[in-house]
Amino acid sequence: MSSPVAASGSYTVPGPFAVPERPAVLVLDDNTDLLLACKLCLKPLGCRLLTSSEPGELLSILRSQRIEVLLLDMNFSRDAASGAEGLYYLKQALALQPDLKVVLMTAYADVGLAVQAMQLGARDFVAKPWQNEQLRHIIARQLAQVVPVTSFNTNLINSSQGQPLLGDSPAMQQVRQLIHKAAATDANILLLGESGTGKQVVAEAIHRASIRAPAPLVCVDMGSITPSLLESELFGHKKGAFTGAVTDAPGRFRQARGGTLFLDELSNLALADQAKLLTVLQKRQVISVGATSAEAIDLRLICASNQGLQQLADQGLFRQDLLYRINTVEIVLPPLRQRREDIPMLAQYYLAMYASQYQRSGLQLSSSQLDLLCQYHWPGNVRQLAHMLERAVVLSESSVLDFSQLQLVLTSASPATDINNPNDKSAIAPPLDATANPDFLLEQVEAKTIRQALSFYQGNISQAAQALGLTRGALYRRLEKYGL
Ligand SMILES: Nc1ncnc2c1ncn2[C@@H]1O[C@H](COP(=O)(O)OP(=O)(O)OP(=O)(O)O)[C@@H](O)[C@H]1O
């Protein structure tokens, strides 16, 4: 890829991916050291950066120039800790510029304040002290909403604007370091880890932190593509190439031109299709179905799998040469039960997010309930935790969240397990108790069948969903419901 960074430092990606004007981020904090740290941290995003230590200047800055994102401290006066000043300036800023994307800087304990701020219109918050990578992702996520990258309206492409990668445990710090190193290169990356550990979040983070960020990130769930259409979906087709090909279609490789192609659930690829993918990667050229000439491709490839691809290669189910081609950098996402110290932060984040979304102010997480969350073994990882918080926010009748209404077995902590290891069954939750209420028998049967399907397909969500006649989304909802 030719470098898109011009001498001025502005992005000049040609063609449809050009960014018309650099958006501006204003950082407002009375600590000048922190302002400098923010400048250095956010510089790689390529946006215009303004800083001010004078909250009184906020409105005049907003009146004098276009600001897209405001990173706002909550306390300015000496010894102030209530956050009232931050809320005051937040309201003022949004009254003047309602589409301003405000990210607040809070202390960890300020979850109530963060909820209040998000209800007033703040878009996100970042807990101090932050990891640089985390702050960059949070701001990049807001910028992504004002700098439209080319998007393709199909169900194979994730339309979300991204999710900050949370977690400061030693395991996640190692992941961040790898992301940082890999993002700076154009290397192919393989993301491994159980379902729900954040592989897609990491893929988005790598894309956003890379030089290819202004171009599209195209996500393809290999498990959801009909095998007979795979070649056409990935490489495109010419009009008339087969019945139903009524127009030319570019295919995902071309759609990701200049950017990143994320192939999720790669273990679902049949051996014959693996050979085709390998040829494309070796030659760095694609040929549409029905076309006669090849076209060069320029993209970064990120692949993901919740099954160990080396194990599959050892069993002859995955091509070793393809594995070597895609795993230049390999990042293994740890299961949540192996980084329990991240659970409070994740729980608070999702509590604030869903409380804001469902307009439930004043919700609290008691320390005993938080302990329960920290003890649970979370076979569905962060996805399950997020769903659990959402459900608790919706169902809770008092201001203190209560997880007892949820049909999850939160009482027993299971040992650390590896879902990629077929011999390791301890990630499976204990069975629900039918004797407590015979009406649940039908649900028991459903839970058991799902467990069997998961065990049979060795944790492969797409294959299990297909075998059960469910969409992946419907299967995820059931996994969460039964605590599987
Ligand atoms: N570190 C994290 N910080 C914040 N949210 C996270 C994190 N990891 C995962 N999530 C959330 O959990 C959910 C699942 O994440 P994601 O889709 O990235 O998992 P995955 O490993 O790709 O799962 P699958 O293998 O099933 O596709 C998403 O809602 C995502 O936002």
Side-chain angles (χ1 to χ4, degrees), residues 5 11 23 25 27 29 33-47 49 51 69 71 101 103-108 114 123-145 147 149 160-187 189-193 197-214 217 259-260 262 300 302 304 328-334 336 338-339 341-346 348-350 352-353 381-382 386:
V5 180
Y11 289 109
V25 176
V27 188
D29 194 301
D33 291 340
L34 183 141
L35 293 179
L36 182 61
C38 278
K39 266 191 164 172
L40 294 173
C41 167
L42 298 178
K43 198 168 170 223
L45 294 180
C47 51
L49 270 170
T51 57
V69 179
L71 181 58
K101 302 190 182 339
V103 175
L104 289 161
M105 294 185 264
T106 66
Y108 273 4
R123 300 299 178 110
D124 211 337
F125 65 93
V126 57
K128 285 182 185 174
W130 60 72
Q131 297 283 330
N132 279 345
E133 196 73 26
Q134 180 196 11
L135 179 64
R136 257 197 300 276
H137 289 161
I138 289 174
I139 299 298
R141 185 181 176 204
Q142 298 305 323
L143 287 172
Q145 293 173 29
V147 185
V149 291
S160 88
Q161 296 293 342
Q163 156 77 52
L165 180 73
L166 303 175
D168 288 324
S169 56
M172 284 306 284
Q173 283 177 23
Q174 276 182 14
V175 167
R176 270 178 220 293
Q177 278 175 11
L178 278 174
I179 290 176
H180 191 65
K181 281 188 194 157
T185 71
D186 228 5
I189 299 169
L190 176 62
L191 304 175
L192 294 171
T197 45
K199 297 184 291 297
Q200 174 140 0
V201 180
V202 169
E204 289 171 1
I206 293 170
H207 174 72
R208 252 187 248 109
S210 77
I211 206 168
R212 294 179 179 273
L217 165 68
T260 305
F262 175 48
R300 181 219 289 271
I302 304 181
T328 315
V329 176
E330 200 169 284
I331 303 180
V332 180
L333 277 296
L336 191 52
Q338 285 176 8
R339 50 185 185 102
E341 57 272 52
D342 288 336
I343 291 176
M345 182 199 219
L346 285 160
Q348 285 176 354
Y349 174 84
Y350 282 108
M353 192 175 107
N381 295 295
V382 186

If you measure from CD on Gln134 to CE on Met345, what distance do you get to the nearest 0.5 Å?
-> 4.5 Å
How many angstroms lie between OG1 in Thr260 and CZ in Arg300, if you round to the nearest 0.5 Å?
-> 6.0 Å
Phe125 to Tyr349 - nearest heavy-atom pair and separation | CZ-CA, 4.1 Å
Could you state the interatomic distance from CG (Asp29) to CG (Leu36), rounded to the nearest 0.5 Å?
-> 12.5 Å
d(Leu217 CG, Gln200 CD) to nearest 0.5 Å is 7.5 Å
Assess whether atom CD of Gln173 is packed by more than 12 heavy atoms of other residues, nucleotides or ligands within 6.0 Å.
-> yes
Closest non-hydrogen atom pair between Met105 and Trp130, with its separation = SD-CZ3, 3.5 Å
Are any non-hydrogen side-chain atoms of Leu166 and Asp342 less than 4.5 angstrom apart?
-> no
Closest heavy-atom contact between Arg176 and Asp168?
-> NH2-OD1, 4.0 Å
Does a donor on one side chain sit under 3.5 Å from an acceptor on the other, for Thr197 and Asn381?
-> no
Report the C-alpha separation of Asn132 and His180 in whole Å, then their side-chain angles, then the decisive distance to 0.1 Å, and conclude whether the side-chain contact (heavy atoms from CB on, under 4.5 Å) test is met.
-> CA-CA 10 Å; Asn132 279 345; His180 191 65; over 6 Å; no
Residues passing the side chain to side chain contact (heavy atoms under 4.5 Å, CB included) test with Val329, sequence neighbours excluded, are Ala182, Ala187, Ile189, Ile331
Heavy-atom nearest pair, Ile139 first then Val69, reads CD1-CG1, 4.1 Å
Identify the heavy atoms of Arg136 and Cys41 that sit nearest to each other, and give their distance.
-> NH1-O, 2.8 Å
Look at the side chain of Lys101 and the backbone N and O of Arg123, then say whether any donor-acceptor pair between them is shorter than 3.5 Å.
-> no
Indicate the atoms forming the closest heavy-atom contact of Pro170 with Glu341, along with that distance.
-> CD-OE2, 3.4 Å
Between Arg212 and Asp186, is a side-chain contact (heavy atoms from CB on, under 4.5 Å) present by the stated rule, with each step listed?
-> CA-CA 9 Å; Arg212 294 179 179 273; Asp186 228 5; 2.8 Å; yes
Any side-chain heavy-atom pair from Leu71 and Cys38 closer than 4.5 angstrom?
-> yes
Report the C-alpha separation of His137 and Glu133 in whole Å, then their side-chain angles, then the decisive distance to 0.1 Å, and conclude whether the side-chain contact (heavy atoms from CB on, under 4.5 Å) test is met.
-> CA-CA 6 Å; His137 289 161; Glu133 196 73 26; 3.3 Å; yes
Can you tell me how far CG of Leu333 sits from CG of Leu165, rounded to the nearest 0.5 angstrom?
-> 7.5 Å
Hey, could you give me the CG/CG distance between Leu192 and Leu190, rounded to the nearest 0.5 Å?
-> 4.0 Å
